[in-house]
Amino acid sequence: MIFRGQFQVALCALVAMAGVNAFAPQISTLSAFSRSCSSTNSCTSTQIFNVPPPDAEDPVAIKEASDREAPPQSFYQLQIQSARAAAMAIEDGHKLIEIEYPPLPANVLEMDDVSAYEISDANIKLALDFAKSFTPSGARKVAILLPDEAELEIATENLGTANPYPGVTVSSLRKSDPDDTRIFKPEQIFLSLLGNGSGGTVEPLPDTYMYIIVVASAQELPDVEELQKLDPNAVFVMYNLKLDILRGDLGAPAFPPKDFHDRFLSKVKPVYYLRTRQYTRSTSKPPFAVNYQGCLFRSYPGEFQTLLDTGDGRAYRRVLGSKFRPALGEFKEQLTQALRDKGVIDEEGKTLNFLRTGYKTTTWWEDEREEASDSLEDLDYHLVYKQIDAKNNVNMVTLINASVKGGEWYADNFFHGIV
């Protein structure tokens, strides 16, 4: 227990640092230029321009800026970016959204001493900071939901209260019957083995504007679907649930079926997405192995950006931008092709490439599925809504019923020039 307490203190100190490896600040042009001048004692003058942010009323400028937005350099910047992206998505009518990023610095996540308990605690505290952006002075009600009352008890013990901020409540998806005073409940064990939750009932919280779902597993995601049906007007945020991994569990024994992705998870729109990946490639020349890494980054309403680490863990180079989220195998190939273009990796024949990648480079949920929603794609919702609303005075409810198939807009007939 003494070691865990010391570790948590060190962990909090690492997260508070602005220069953590996961989101370390890039070396600015000005500082590098200054060091060059001091070492050579001669330099030329440099002009520094103050570039203002895009106009909030200009959707085209917002879209262009989001398409090129750089990953965060600190957790403070990450919170600002994710809250802004979520606010714009909610304004455009999205009520099922996803926020995904590493909850701890990369060097901390790689420690052998980091447990699921520390990661869960970090996610809850980050979700609390996120919730504060949507309830100024407690004007709105925001609920942070854990899977069950056992998780809730641990969280409230760490936070000291179930209401850590005005307007923010920490609660659970499932609530037990208050009249049931039994200590041992065998039916809960039976339901857990069948993948049907931990007993109790799913009930909405009155007048809640936003539910932030944290530390839920694939077995507990149907509870989120049930709650969304009970409170369809509220905003639901899947916060650092690693849905890409949870989708892989669907269809297994004691887990929800695969059609759960089609009817619910495919409707969840990733509005802020940051996932890093590391790869190793063997070569026929020294050093005979190339280690490289990159990240897939998206900040609504921008594109999904494939970014290649430049080698120092502090800066990324944009490789490609896409309206559609690339599959994991496609993302790896995009990074690899960028290294081929620079001559880092040699060109290989089709046969050897096939042996490296295999026949199938996508998971089942990344394939085209007729019953799935298009929410995993970037539909340019923010841009199109603003333009149509200004031109035809169309309200948001009507536009939400629009859809995209094959890159074309389909809606009611009064959308002249869109259909």
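Residue indices begin at 1 and follow the sequence shown.
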Next on the checklist: Evaluate Tyr165 against Leu128 for side-chain contact (heavy atoms from CB on, under 4.5 Å), listing each step before the verdict.
Outcome noted: CA-CA 8 Å; Tyr165 187 79; Leu128 175 59; 4.3 Å; yes

Checklist entry - Does the pair Lys258 and Asp262 meet the rule for a salt bridge (charged side-chain N to carboxylate O under 4.0 Å, His left out), with working shown? => result CA-CA 7 Å; Lys258 289 185 177 182; Asp262 298 337; over 6 Å; no

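Within the model, atoms CZ of Arg281 and CG of Leu339 stand 9.0 Å from one another, a figure rounded to the nearest 0.5 Å.
Checking each of Gln334, Glu333, Gln337 against Thr306 for a side-chain hydrogen bond (donor to acceptor under 3.5 Å, both in side chains) leaves exactly one that passes, namely Gln334.
Between the side chains of Glu69 and Ser66, no donor-acceptor pair of N or O atoms lies under 3.5 Å. Thr280 and Asn291 are linked by a side-chain donor-acceptor pair at a separation below 3.5 angstrom, with hydrogens and angles left out of the test.
A salt bridge links Arg325 to Asp244: one of the charged nitrogens lies within less than 4.0 Å of a carboxylate oxygen. Ion pairing between a basic and an acidic side chain is recognised when a charged N comes within 4.0 Å of a carboxylate O; Asp121 and Lys125 show such pairing.
Put simply, the side chain of Gln219 gets close to the backbone of Ala254: a donor and an acceptor are under 3.5 Å apart.
Taking each heavy atom of Ala131 and Val142 in turn, the nearest pair found is CB-CG1, 3.7 Å.
With a 6.0 Å radius and a threshold of 12 heavy atoms from other residues, nucleotides or ligands, Glu157 has its CD atom at or below the threshold. Taking a 6.0 Å sphere around CZ of Arg68, one finds it holds 12 or fewer heavy atoms contributed by other residues, nucleotides or ligands.
Between Gln81 and Leu274, the closest side-chain pair of non-hydrogen atoms is not below 4.5 Å.
Using bins of under 30°, 30° to 60° and over 60° for the plane-to-plane angle, the ring pair Tyr279/Phe331 lands in the tilted bin. Ring planes of Tyr239 and Phe130: tilted class, angle from 30 to 60°.
Checked against the 6.0 Å centroid threshold, Tyr272 and Phe297 count as a close aromatic pair.
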Listed pairs under 3.5 Å, donor-acceptor, residues 228-237 side chains, sequence neighbours left out:
residue : atom : partner : partner atom : Å
Asp231  : OD2  : Tyr211  : OH           : 3.0

